[in-house]
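Below: one structure, written as structure tokens.
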Amino acid sequence: MNNVLVLNGPNLGRLGSREPDVYGNQDLPALLALLEGEAPDGTTIDLRQTDDEGTLIGWLHEAVDSSTPVILNPAAFTHYSYGLRDAAAMVTKAGIPLVEVHISNPHAREEFRHTSVISGIATGVIAGFGFDSYLLALGAIARIKR
């Protein structure tokens, strides 16, 4: 495992200030430092965030083209973006691990958050453990890629 794409969807660039009771007080640079500190030797963490659906889809196409494992927090796109779902399916159909993560537990929140169009095609789903959801995903990808 040389590289892992850690892709984050809309509003996650506001981590640290957005609803800290739900998402915690840490921001994306803190998440990157955490992941880099736990990544297996020789693994590069490429953490990205966008509020744009098309950009996120393009990054998933990039993962397919480069055979790069993905940790994906689709954020609000989780619940309705069939375009994102289809791009994520290209990743897993290519045999590349894609782990869907969520900082909070969507099933413990509003009912509209209970549906994920991504989960059915993801390699696995981890939710509700704060930033540890990402660490658990990184560990799972490392075990899959052995």
Side-chain angles (χ1 to χ4, degrees), residues 1-15 18 22-24 26-146:
M1 182 168 65
N2 296 327
N3 194 27
V4 176
L5 276 174
V6 181
L7 305 179
N8 294 278
N11 300 310
L12 292 173
R14 305 294 296 176
L15 287 174
R18 176 185 176 222
V22 175
Y23 300 106
Q26 295 186 302
D27 57 13
L28 286 176
L31 175 59
L32 178 59
L34 179 69
L35 289 168
E36 288 177 337
E38 295 294 323
D41 288 341
T43 299
T44 301
I45 302 298
D46 186 353
L47 188 142
R48 305 176 188 181
Q49 187 278 326
T50 184
D51 295 328
D52 179 68
E53 183 178 19
T55 299
L56 200 52
I57 288 169
W59 290 340
L60 289 171
H61 294 169
E62 181 184 325
V64 172
D65 294 344
S66 62
S67 297
T68 303
V70 176
I71 297 170
L72 173 63
N73 186 338
F77 294 143
T78 302
H79 316 296
Y80 67 88
S81 177
Y82 296 111
L84 187 64
R85 181 248 178 245
D86 290 348
M90 289 182 212
V91 175
T92 56
K93 286 181 180 179
I96 304 162
L98 181 144
V99 180
E100 177 186 352
V101 300
H102 298 281
I103 295 167
S104 67
N105 178 355
H107 298 284
R109 299 183 63 198
E110 303 93 338
E111 188 172 340
F112 77 89
R113 296 184 194 276
H114 297 182
T115 299
S116 170
V117 299
I118 307 297
S119 295
I121 55 83
T123 307
V125 180
I126 302 170
F129 296 102
F131 279 6
D132 283 349
S133 293
Y134 292 85
L135 288 177
L136 292 165
L138 182 61
I141 287 172
R143 285 187 291 283
I144 291 168
K145 294 300 285 180
R146 279 190 207 164

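- The backbone N or O of His102 lies less than 3.5 Å from a partner atom in the side chain of Ser133, making a donor-acceptor pair.
- In this structure, Thr55 OG1 and Arg48 CZ are separated by 10.5 Å, a value rounded to the nearest 0.5 Å.
- In this structure, the separation between CD1 on Ile118 and OH on Tyr82 is 10.5 Å, given to the nearest 0.5 Å.
- A distance of 7.0 Å separates CZ of Phe77 from CG of Asp52, quoted to the nearest 0.5 Å.
- The list of side-chain hydrogen bond (donor to acceptor under 3.5 Å, both in side chains) pairs with a residue in residues 85-97, not counting sequence neighbours, is empty.
- Annotation: side chain of Ile103 is in contact with side chain of Tyr134 (closest heavy-atom distance under 4.5 Å).
- The side-chain heavy atoms of Leu135 and Leu35, taken from C-beta on, include a pair separated by under 4.5 Å.
- Considering OG1 of Thr43 and CD of Glu36, their distance stands at 11.0 Å, rounded to 0.5 Å.
- The two residues Pro97 and Thr123 have their closest heavy-atom pair at CA-OG1, 3.5 Å.
- Remark: Ile71 CD1 to Asp46 CG distance equals 11.5 Å, nearest 0.5 Å.
- A side chain to side chain contact (heavy atoms under 4.5 Å, CB included) with Leu72 is found for one member of Val101, Leu7, Asn8 and no other, namely Leu7.
- Between His79 and Pro74 there is no side-chain heavy-atom pair separated by less than 4.5 Å.
- The backbone N or O of Asn11 sits less than 3.5 Å from a side-chain atom of Asp51, completing a donor-acceptor pair.
- Asp27 CG to Leu32 CG: the interatomic distance, rounded to the nearest 0.5 Å, is 10.0 Å.
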